[in-house]
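Worksheet for the structure shown next.
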Amino acid sequence: MLRIQSETGQLLQLEPDISVELELNSWLLADSDDLPGSFSYPINFPLSDQNKRFLGHSHLPESRPREQNVSVWVNGVMLKQASLAYKIEKSGASGYLKIDAGEVATRVRGKQLHEALAEKYYYGSSYSNLTLLMKAAATAAPGDYPFTFFPVSNSVFAPEPKDFTAIPGYRQEKMINPWNGNNFVVSKERHIVPFLYLTYVIEKACEFFGYKATGSFLQHPEVKCMTVYNTQTLSLALSDVQPGIRQSLGLHVPFMSISDFLRALRDDFGVGIFFDAGKRECSFELYETIRDNETFHDFSPYLLKGYDNENPDEKGYAVTSYQDGEDGFFKEYQPVVANIREAQKQVKAKIGTLQMRSLPNFENAVQNWLIPVALQKGNLAQGFFREAADYYNLVPDHKNGFGLRLLSYRGMQPDEQGDLYPYGTSTTRRYDQGRVGAWSLDAKQSDSVFNKLTVPFYTFLAYARRLRYNLLLPIAHAKNIRLQDVYGFRGENSVLVKALVSSVNVSLPGKSGNVLAKASVMLLLSPEATPSVYSDEQFYVEMFITNEYQNVDGDRTISYVDFKFRVWADAGKTVPANPTNLVIRYEEYVSRSAPGESDTNTTNFYEFTMSGHEYNLTGLITSDQNPNEQLTIVYGMTSSADYVIL
């Protein structure tokens, strides 16, 4: 017997011979970009007095039909929590059940991510309070605060003096969250930007549509370190009318929909997002975690004879890493592309990161540090910049847009001199090349999320065999189907295969305590081929000075330097490597200053190809001192997927 029951215990009157088919869908394995949801096919029911009461008399013309929270029961067993959506027709009413993700899809449709973070956060009543908060957040464990702070270099974040004459004596600041070696530096001209933790944003997004975020993905140590990069500064205005610094956290995320945010996690990380309307929980699980789980449910005893082959997808994928088109640094680089199978389907990743550079910290005696860099206009909330029309911003639809990019916060790490500073990074190495993590966010790194999560997920989608099984399930088993679990099936040869369920259709009410079900599954089999991604072979490259010399010409002195590059097969530099056509990349950071003029800083990028163990690079200028201008140049290697910098 089938019954649909309201929260108050009322029953929906159904025709005696009615049958209902439920469809449960896994968003992880769905072909659609839309949140597919789980639902029933249409249900017709009479507009009887009992059903009018069930609907709260919302059938009347002066009322608006509203969805009802219900539970679906079969033979005395509660099968699913759902939401009944319906419309009134001449002959009665028709509707359908939204189950789990089906209910959520309606709630998040058209909702923007910033709406889930609308609360205003209080940062303190003074600059000194803000400084204390920033350092406390930077030295705390990930997640103790909704956000953290760390320096980022961006030479175009604010307008140049020649373009901004409203404030006499204005000086262009090129650092976000500047750090002087002991603390953050806060003033009305400085750019203070909180970076929200990814897990916090996920939790608030789920809370917005009435669910609690759970799952092992949120507890993964690498994920807990991830922060959402943004270019929106705090408004540092202090007044007697509203003392203190307050600002909506929603300003510090990209302007995008909640659905697009969740879809980006699925597509780039292979994160399955599973909804349980009964528990009001939204579980986040990595594909690789699900795949590697040794526990599975054996559905072999419930198989009806045979199976159907579903049309295989033979086209494969060309997966391209994401680069924010608003960031000028990416004009120098080509994205990473992984070709899987025939690579006919184009897939563009949706989550990116920033490049890392070794640069001087001019707040701290010009010591070098490793720091994220960008060339991207900021969104400046300080009233100081009100006249800078291209930068001033206090709305979620930012004046200068930015994409979804992540940086991992690795706590306090040493700079060139061993002094600690707050370290946000897209790689797994700090300034001295010591490891600080397991996942890089830079797709060019061999240990990147792109190589470890994105490519394996699309490899599975490209190679997995798709089958459709018919089953006769006990109601208790149908009730407990979880699309994040692994299921086992034995064929007529008794060989067990494991699979993930992409969708399952359940016909109700069933007979003798059983229900008919059709399950579309994707087998967890190893592919016969591997995608064309970067090789696991790793080179270790060191760059060091072999000679320094000067050329004096009157009152002008030019300093030069020679470098040597050596390639090793191990980090301990015990086994020489002899690569063929290894592309080495390095950068030239140029600082110019002249009396009466603004300082300028630029970064130039170079590369060369080397074969063998050693390579010499000679005659690079490091300084040019003359009465009219002082030129200082610093060189450093640029990270690559092909080598580790020693």
Side-chain angles (χ1 to χ4, degrees), residues 112-114 117 120 123 130 149-178 185-196 228-239 245-256 322-333 352-355 357 359 362 371-405 407 424 590-592 597-604:
Q112 299 297 313
L113 184 59
H114 71 85
L117 298 152
K120 286 195 172 183
Y123 293 91
L130 174 58
F149 297 86
F150 50 82
V152 175
S153 176
N154 189 337
S155 61
V156 300
F157 193 77
E160 294 186 27
K162 64 182 179 63
D163 299 325
F164 184 54
T165 59
I167 306 297
Y170 163 73
R171 177 181 173 181
Q172 183 190 32
E173 294 291 341
K174 303 178 180 181
M175 188 69 65
I176 299 169
N177 302 327
V185 183
V186 177
S187 68
K188 67 177 182 179
E189 300 92 350
R190 304 288 179 151
H191 310 308
I192 307 303
V193 177
F195 301 116
L196 302 183
V228 180
Y229 174 72
N230 74 100
T231 64
Q232 176 66 58
T233 66
L234 288 181
S235 173
L236 301 181
L238 297 171
S239 69
I245 302 167
R246 294 176 173 84
Q247 192 158 297
S248 169
L249 295 179
L251 287 172
H252 303 290
V253 294
F255 188 75
M256 63 190 309
Y322 174 79
Q323 297 185 164
D324 191 338
E326 300 300 321
D327 187 345
F329 260 107
F330 286 104
K331 295 177 182 178
E332 304 289 336
Y333 296 95
T353 190
L354 277 69
Q355 297 290 305
R357 294 289 180 270
L359 298 174
F362 292 105
I371 186 173
V373 294
L375 287 173
Q376 187 172 18
K377 282 186 176 182
N379 294 279
L380 310 181
Q382 304 96 302
F384 183 81
F385 292 104
R386 192 178 299 274
E387 301 302 321
D390 292 342
Y391 295 84
Y392 186 71
N393 179 77
L394 270 174
V395 294
D397 187 1
H398 302 92
K399 180 71 64 66
N400 297 307
F402 52 89
L404 179 58
R405 295 200 277 173
L407 287 165
V590 183
S591 175
R592 296 178 183 272
E597 297 183 9
S598 299
D599 295 349
T600 62
N601 301 293
T602 57
T603 303
N604 302 311

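Hydrogens, waters and symmetry mates are skipped; everything else that's a heavy atom, side chains included, is used. Throughout, numbering of the chain's residues begins at 1 and tracks the sequence.
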Straight-line distance of [X] [atom1] to [Y] [atom2], nearest 0.5 Å:
X      : Y      : atom1 : atom2 : result
Leu196 : Leu249 : CG    : CG    : 5.5 Å
Leu234 : Arg246 : CG    : CZ    : 13.0 Å
Phe150 : Asn177 : CZ    : CG    : 8.0 Å
Tyr123 : Leu236 : OH    : CG    : 10.5 Å
Asp390 : Asn400 : CG    : CG    : 7.0 Å
Asn393 : Gln382 : CG    : CD    : 11.0 Å

- Item | Steps toward side chain to side chain contact (heavy atoms under 4.5 Å, CB included) verdict (Phe195, Val228) | CA-CA 6 Å; Phe195 301 116; Val228 180; over 6 Å; no

My understanding is that only residues two or more places apart in sequence, or in another chain, count here; which of them pass side chain to side chain donor-acceptor pair (under 3.5 Å) with [X]?
X      : result
Gln376 : Asp324, Arg405
Ser153 : none
His191 : none
Gln172 : none

Partner residues of [X] under the ring-ring contact (aromatic ring centres under 6.0 Å, His included) criterion, sequence neighbours left out:
X      : result
Tyr391 : none
Tyr392 : none
Phe329 : Phe605
Phe402 : His398

Minimum heavy-atom separation for [X] to [Y], with atom names?
X      : Y      : result
Pro168 : Ala166 : CD-O, 3.6 Å
Ile245 : Ser235 : CG2-O, 3.3 Å
Pro396 : Leu251 : N-CD2, 3.5 Å
Ile192 : Pro194 : O-CD, 4.1 Å
Tyr229 : Leu407 : CD1-CD1, 4.1 Å
Pro151 : Pro372 : O-CD, 3.6 Å

- Return the set of residues passing side chain to side chain contact (heavy atoms under 4.5 Å, CB included) with Val156 (not counting sequence neighbours), or none when no residue passes. Asn154, Leu375

- Message: Students often mix this up, so state it plainly: with edges at 30° and 60°, are the rings of Phe385 and Tyr170 parallel, tilted or perpendicular?
- Response: perpendicular

- side chain to side chain contact (heavy atoms under 4.5 Å, CB included) between Asn230 and Val193: does it pass, once the steps are laid out? CA-CA 8 Å; Asn230 74 100; Val193 177; 3.4 Å; yes

- Item | Heavy-atom check, side chain of Met175 versus side chain of Ile371, under 4.5 Å |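 With C-beta onward as the side chain, the pair touches.
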
- 4.5 Å side-chain heavy-atom contact, Val373 and Ser155: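 The answer is no, as the side chains (C-beta and beyond) never meet within the 4.5 Å cut-off.
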
- Item | Donor-acceptor pair, side chain of Lys399 and main chain of Ala389, under 3.5 angstrom |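 Yes; at least one donor-acceptor contact below 3.5 Å.
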
- Determine, using ring centers only, whether Phe255 and His114 are less than 6.0 Å apart.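 That pair passes the under 6.0 Å test.
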
- Kindly indicate, with the supporting measurements, whether the criterion side chain to side chain contact (heavy atoms under 4.5 Å, CB included) is fulfilled by Leu117 and Val253. CA-CA 9 Å; Leu117 298 152; Val253 294; 3.6 Å; yes

- Dump the intermediate steps for side chain to side chain contact (heavy atoms under 4.5 Å, CB included) on Thr233 and Asn379, then the final yes or no. CA-CA 6 Å; Thr233 66; Asn379 294 279; over 6 Å; no

- Message: Going by salt bridge (Lys or Arg N to Asp or Glu O under 4.0 Å), name the pairs with one or both residues in residues 185-194, residues two or more places apart or in two chains.
- Response: Glu173-Arg190, Arg190-Glu363

